[in-house]
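So the structure is just underneath, and the comments pick up after that.
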Amino acid sequence: MNYFIKETERKGTCYHEFQRGKWDGKTFWHQDSLLMHDDILIGLKLWKLFAETVSGYHSYGETEISREQWEAVCNQADAMGGEMKAAIEELKPWAEKNFRTEQVFTILGI
């Protein structure tokens, strides 16, 4: 993976956690989460993509992403192209697996 890592690869806490389902309000760093370093999120301006497509997105808080919102993110990333699209493409298999059993996934900011 170029943009995301698994929890077992994490060094430190400067990561945005993409966690399956709804966040329970207390648990972090799930084994099945994907993580993106803050530097990458800022460098790609991925925060801006989420802010433009997901109402209430907060890059340093918690944000639930529904399937409909996820599709809007994917469509916008496709239109933007480049590394933005590549990063979202990398996340797609994980997100699709999530939506087989969950109504949302949660992004936990730092």
Side-chain angles (χ1 to χ4, degrees):
M1 294 186 131
N2 295 315
Y3 303 97
F4 293 90
I5 64 168
K6 295 181 180 180
E7 200 289 319
T8 55
E9 302 168 279
R10 178 175 59 88
K11 293 176 179 36
T13 58
C14 286
Y15 295 90
H16 298 262
E17 181 177 5
F18 290 68
Q19 196 176 96
R20 294 189 189 281
K22 289 182 177 249
W23 183 47
D24 65 9
K26 59 186 175 197
T27 310
F28 298 92
W29 315 125
H30 287 194
Q31 292 298 316
D32 60 356
S33 291
L34 287 182
L35 310 174
M36 177 178 272
H37 196 278
D38 191 49
D39 291 344
I40 294 172
L41 186 108
I42 291 170
L44 292 177
K45 296 186 178 157
L46 194 59
W47 62 270
K48 188 173 182 181
L49 170 64
F50 282 112
E52 290 174 353
T53 55
V54 177
S55 177
Y57 172 72
H58 190 290
S59 60
Y60 295 101
E62 68 180 85
T63 307
E64 290 181 358
I65 308 290
S66 68
R67 178 177 286 282
E68 182 179 280
Q69 291 168 319
W70 172 242
E71 289 172 2
V73 168
C74 292
N75 290 338
Q76 185 66 18
D78 284 348
M80 296 172 84
E83 281 196 280
M84 182 75 70
K85 180 179 178 181
I88 294 302
E89 287 292 325
E90 192 171 281
L91 187 59
K92 273 186 180 180
W94 177 92
E96 290 306 314
K97 184 176 180 182
N98 173 78
F99 287 124
R100 287 184 208 137
T101 59
E102 306 290 341
Q103 296 296 311
V104 300
F105 66 83
T106 305
I107 302 173
L108 300 171
I110 54 172

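Between Val104 and Phe99 the shortest heavy-atom distance is CA-CE2, 3.9 Å. Residues Phe4 and Glu90 share a closest heavy-atom pair of N-OE2, 2.9 Å. In terms of heavy atoms, Thr13 sits closest to Ile110 at O-CG2, 3.3 Å. When all heavy atoms of Ile88 and Ala77 are compared, the closest pair comes out as CG1-CB, 3.7 Å.
Side-chain N or O atoms of Glu62 include none that pairs as donor or acceptor with a backbone N or O of Trp23 at under 3.5 Å. Looking only at distances, no side-chain donor or acceptor of Glu7 sits under 3.5 Å from a matching main-chain atom of Phe28. Checking side-chain atoms of His30 against main-chain N and O of Asp32 turns up no donor-acceptor pair under 3.5 Å.
Between Glu89 and Lys92, at least one side-chain N (NZ, or NE/NH1/NH2) sits under 4.0 Å from a carboxylate O, which counts as a salt bridge.
With no hydrogens or angles considered, no side-chain donor-acceptor pair links Gln69 and Tyr57 at under 3.5 Å. Side chain to side chain, Ser33 and Glu17 meet the donor-acceptor criterion of an N or O pair below 3.5 Å.
Ring orientation note: the planes of Tyr60 and His16 are tilted relative to one another, at an angle of 30° to 60°. Ring geometry for Trp94 against Phe18 counts as perpendicular: the plane angle is over 60°, on a 0 to 90° scale with 30° as the lower cut.
Listed by chain and number, the residues in a side chain to side chain contact (heavy atoms under 4.5 Å, CB included) with Glu71 are Arg67 (sequence neighbours excluded).
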**OP:** Let me see the working for Thr53 and Gln76 under side chain to side chain donor-acceptor pair (under 3.5 Å), right down to the final yes or no.
**Re:** CA-CA 8 Å; Thr53 55; Gln76 185 66 18; over 6 Å; no

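Phe105 and Trp70 have their aromatic ring centers within a separation under 6.0 angstrom.
At a threshold of 4.5 Å between side-chain heavy atoms, the hydrophobic network of Ile, Leu, Val, Met, Phe, Trp and Tyr places Ile5 and Trp29 in one connected group.
With rounding to the nearest 0.5 Å, the separation of OH in Tyr3 from CG in Leu44 is 6.0 Å.
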